[in-house]
Amino acid sequence: MLGAALRSGLTMRPPRSSALPWLWIALVLATLVVYLFGLGGAYAPTNGDEMVYIHIARMTAESGHWLPLQSEIIGMRNTKPPLLFWQAIVASDWGQNWSLWALRLPSIVYTFITTVLLAFFAHRISGNLRTACLAAVLYLLFFSTFRYGRVYLTSAPETFWLSLPMWWLLWLHLRSTHSGVCAAERSAPCPPPAERAPPLTAQNALPHTLQANGNDWAAFTLMGIAMATGSAYKSFALVAPAAAAVWCAWLLSAPRLQWPLVLRTTLGLTWSAALAVGIFSLWLVLDPDPAAVWQEFVLGENAGKMSNPQGYWHAAFFGVYPMWTQLLAYPANAGLLFFTVLGVAWVCLRRAFKRQTYAQLTPSEWILLAWLAVWLIVFTIPSQRSERYVIPAMPALAIVMALVWEKIPRLAFGVTLAIIAPALVMLARISWVMGDMQIANSTQVAITLIASCAGLMGAAAGFLKQRWLRASTLLACLAVYASFSLMVEPLSTPATGYSAAVQSRLYGKRVAVPNGFTGQYERFHFILPTAKLVPYDAEGRNTGAYQPDLPAPARLSYLLGQFDAVVWLQDELSQIEPSCVPQCKRLGTRWHVKSRHKTGEVTLSNLWQPQDWLFRREWLVENTTNQAVAPIK
């Protein structure tokens, strides 16, 4: 399966050359620049959990103690282990440097280190620097990496730490393989035969790989520490797939499968898993409120995902998270590269039913295969399934894709470009409209249009010349990310916030802010850092907080009677001023981008007019009458 696919893919690569693949190196560098650009922006692609985590980190930093974790959101105090929040405390110097850039920087460092590691091993496996660059670009262009690997979430650190045992296994095999064998496709010339060391046979390679006894337990201990660190960012449940993947990879990649090796590997990884869970359990020992940790995290966040009121098997086949959806976890994580991942699956499945395929697999290929398969299988078991759970295996997918790149059907790339092209056109259209609405200046619009046009030209080149098709797909995908980041950049500049005078005016004041999703009001702490913010339900959210059922004008009046100031979202497109004027004073105006739309708000008839459905004004108003309004019951 994988072995035959990888080998046939290698045979179709360009001829060996001593020249460096400068265009591929440039593509890697351009992708890194896109990742860094807009890192501190409010509209960087992220997940709703980010603001919840930022809220917990800020509250804990303000408490002056590492533990217990603090939160004003009900049921959201011990939602994740403390290491994620300690990272934010250290990165922000206990809240003294509280910015999205500072909070997100550790995540992007983790992602870049993971990228370097997978590129290194792709080069060791293939002997080709172009393949290493390709693996790096693919990993960075996966939407799961772009969305979850550069913001303040758990994915980047957990992927790094949980991947370390797999990198170690790969290193053991590749070190012995390449110590005496010159790869067929190296980026630099191989030494003359007389200067090469004799190749290692299976027998004399064993002491250098997985059959040695001396350092096994030290390795198992280090793997346990790595698993503990990764799980301390998200959940002790990650120890199970991490240990199972290493166990399968260890045994499948061994030159000979013998019972002493099986027993030693099983006992060793049992020790690794027990050590990891033991280290994780220190949270219960160190936290002043262990009962809350047990109830909220162990039972609520973990055990609850194994049960379902519909019954396990009914939910597994007919529930909200059916098992079959998890089969598409890797393509879903790839995002715009969805169909190229399906192409990889097709390449592998065509050879899956041939017995000789498995005999041809090299140890490195077995490790990659075990890495991908185990994570997918383990996370089909919980009642709540998500493609996010297999993100720690995406580095392996990037390497596999790079190795079989030339064997992926052209149709997969053609469909991908057919999807990307209209996306680029739409991003260019939105940027143009932002210029018309004076949200962006002419220079910002021009740069965004250049990025979009570059992507469209790349897509056109791919359709016109088949030999450019694969590279054009990557260029067009990168252009989408670049165009989006450039498009939203005008919404995230310092000038788009409220002035220093307004912030000073609201120092210590109670300000009501809209909250359309759990914890999303936390974003206002970056623009009104000295005010006391209180969330109210908005954008369809209805938890009963501050009369969400009232008509908009009446509700604004009610909120102004309860608070010193209110951040209010524009009710209708035709509205020029808040409905409370002249009884209230407008202190500032910002633009708000709608992320949640009701049925019928976006249709084919108005899709080309994003000003009708994407943008709303955000007003900061205060009551000028100083008359309190009694709560409405």
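Positions are given from 1 along the sequence.
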Review point. Any salt bridge between E522 and R58, counting N to O under 4.0 Å?
Key: yes
Check your understanding: Taking all atoms of both residues into account, what is the closest heavy-atom pair of P106 and A91, and its distance?
Key -> CG-CB, 4.0 Å
Review point. Any donor and acceptor pair, going by atom type alone, linking the side chain of N47 with main-chain N or O of E50 inside 3.5 Å?
Key: no
Review point. Salt bridge (charged side-chain N to carboxylate O under 4.0 Å, His left out) with R147: which residues, sequence neighbours excluded?
Key: none
Practice item. Answer whether the closest heavy-atom distance between the side chains of M223 and L269 falls below 4.5 Å. Key: yes
Review point. Can you tell me how far the CE atom of M76 sits from the OH atom of Y53, to the nearest 0.5 Å?
Key: 8.5 Å
Practice item. Would you kindly check if the NZ (Lys) or CZ (Arg) of R150 is within the cone defined by 45 degrees around the ring axis of Y148 and under 6.0 Å from the six-membered ring centre? Key: no
Exercise for review: Report yes if the side chains of E539 and F517 come closer than 4.5 Å at any heavy-atom pair, otherwise no.
Suggested key: no
Check your understanding: Between the side chain of T145 and the main-chain N/O of L141, is any donor-acceptor distance below 3.5 Å?
Key -> no
Review point. So, for L424 and G455, which heavy atoms are closest and what is the spacing to 0.1 Å?
Key: CD1-C, 3.5 Å
Review point. Any side-chain heavy-atom pair from S71 and H55 closer than 4.5 angstrom?
Key: yes
Study note, to complete from the structure: Partner of F146 under ring pair (Phe, Tyr, Trp, His ring centres under 6.0 Å), picked from Y35, Y139, F484, is Y35
Practice item. Using distance alone, with no hydrogens and no angle criterion, decide if Y110 and W161 have a side-chain donor and acceptor under 3.5 Å apart. Key: yes
Check your understanding: Backbone N or O of G149 within a donor-acceptor pair of the S155 side chain at under 3.5 Å?
Key -> no
Check your understanding: So, for L417 and G462, which heavy atoms are closest and what is the spacing to 0.1 Å?
Key -> CD1-CA, 4.3 Å
Review point. How are the rings of H525 and Y521 set to each other: parallel, tilted or perpendicular (split at 30° and 60°)?
Key: tilted
Study note, to complete from the structure: Looking only at heavy atoms, the pair that brings A156 and S107 closest together is CB-O, 3.3 Å
Check your understanding: Would one find more than 12 heavy atoms of other residues, nucleotides or ligands at under 6.0 Å from atom CH2 of W346?
Key -> no
**Study point:** Aromatic plane relationship, F297 with F236 - under 30° parallel, 30 to 60° tilted, over 60° perpendicular
**Key:** perpendicular
Study note, to complete from the structure: Heavy-atom nearest pair, A57 first then A88, reads CB-CB, 3.7 Å
**Study point:** Side chains of Y233 and Q87, donor plus acceptor under 3.5 Å
**Key:** yes
Check your understanding: Does the side chain of P331 reach to within under 4.5 Å of the side chain of E387, using non-hydrogen atoms?
Key -> no
Point to revise | Donor + acceptor pair across side chains of T265, W247 (<3.5 Å) | key: no
Review point. Do S472 side-chain atoms and G458 backbone N/O form a donor-acceptor pair below 3.5 Å?
Key: yes
**Study point:** Side chain proximity check, L67 to F85, heavy atoms < 4.5 angstrom
**Key:** no
Check your understanding: Do the side-chain N and O atoms of S253 and H173 include a donor-acceptor pair separated by under 3.5 angstrom?
Key -> yes
Check your understanding: Any donor and acceptor pair, going by atom type alone, linking the side chain of S272 with main-chain N or O of G268 inside 3.5 Å?
Key -> yes
Point to revise | Side chains of W366 and W371 in contact at under 4.5 Å (non-hydrogen atoms) | key: no
Exercise for review: Would you indicate whether the side-chain heavy atoms of I56 and Q70 approach each other to under 4.5 Å?
Suggested key: no
Review point. Should E406 and R130 count as an ion pair when the cut-off is N to O under 4.0 Å?
Key: yes
Point to revise | Rounded distance [0.5 Å steps], CZ in F112 versus CG in L32 | key: 4.5 Å
Study note, to complete from the structure: CG (L397) and CD1 (I391) are apart, to the nearest 0.5 Å, by 12.0 Å
Practice item. Start with the C-alpha distance between W250 and F220, add both sets of side-chain angles, then the distance that settles ring-ring contact (aromatic ring centres under 6.0 Å, His included), and finish with yes or no. Key: CA-CA 12 Å; W250 194 307; F220 287 129; 5.0 Å; yes
Review point. Okay, side chain of S386, backbone of Y389: is any donor-acceptor separation there less than 3.5 Å?
Key: no
Check your understanding: Is there a donor-acceptor contact under 3.5 Å from the side chain of S485 to the main chain of A482?
Key -> no
Study note, to complete from the structure: Rounding to 0.5 Å, atoms CG (L134) and CG (L474) come to a distance of 6.5 Å
**Study point:** Any donor-acceptor pair under 3.5 Å from R77 side chain to A292 backbone
**Key:** no
Point to revise | CH2/W271: more than 12 non-hydrogen atoms of other groups inside 6.0 Å | key: no
**Study point:** Heavy-atom side-chain proximity of W66 to P82 below 4.5 angstrom
**Key:** no
Exercise for review: Report yes or no: do S483 and S452 form a side-chain donor-acceptor pair below 3.5 Å?
Suggested key: yes
Practice item. Determine, step by step, whether F339 and I419 satisfy the side-chain contact (heavy atoms from CB on, under 4.5 Å) criterion, reporting the C-alpha distance in whole Å, the side-chain angles of both residues, the deciding distance to 0.1 Å, and the verdict. Key: CA-CA 10 Å; F339 290 98; I419 295 172; 3.4 Å; yes
Review point. What is the ring orientation for F120 with W171, classed by angle as parallel under 30°, tilted 30 to 60°, or perpendicular over 60°?
Key: tilted
**Study point:** From CA spacing to verdict: side-chain contact (heavy atoms from CB on, under 4.5 Å), H123, L129
**Key:** CA-CA 6 Å; H123 180 262; L129 186 56; 4.1 Å; yes
Point to revise | Check: N97/S92 side-chain N/O donor and acceptor closer than 3.5 Å | key: no
Revision key, fill the gap. I430 and L614 have their tightest heavy-atom pair at CG2-CD2, 3.9 Å
Review point. Atom CZ of F413 and atom CG of L411: how far apart are they, to the nearest 0.5 Å?
Key: 10.5 Å
Exercise for review: Rounded to the nearest 0.5 Å, what's the gap from OH on Y330 to CG on L342? Could you check?
Suggested key: 14.0 Å
Exercise for review: Kindly indicate, with the supporting measurements, whether the criterion side-chain contact (heavy atoms from CB on, under 4.5 Å) is fulfilled by L368 and F121.
Suggested key: CA-CA 11 Å; L368 294 173; F121 284 101; over 6 Å; no
**Study point:** Q520 side-chain N/O to N515 backbone N/O, donor-acceptor pair under 3.5 Å
**Key:** no
Exercise for review: Decide yes or no on side-chain contact (heavy atoms from CB on, under 4.5 Å) for T79 and E296, but give the supporting numbers first.
Suggested key: CA-CA 7 Å; T79 183; E296 297 172 15; over 6 Å; no
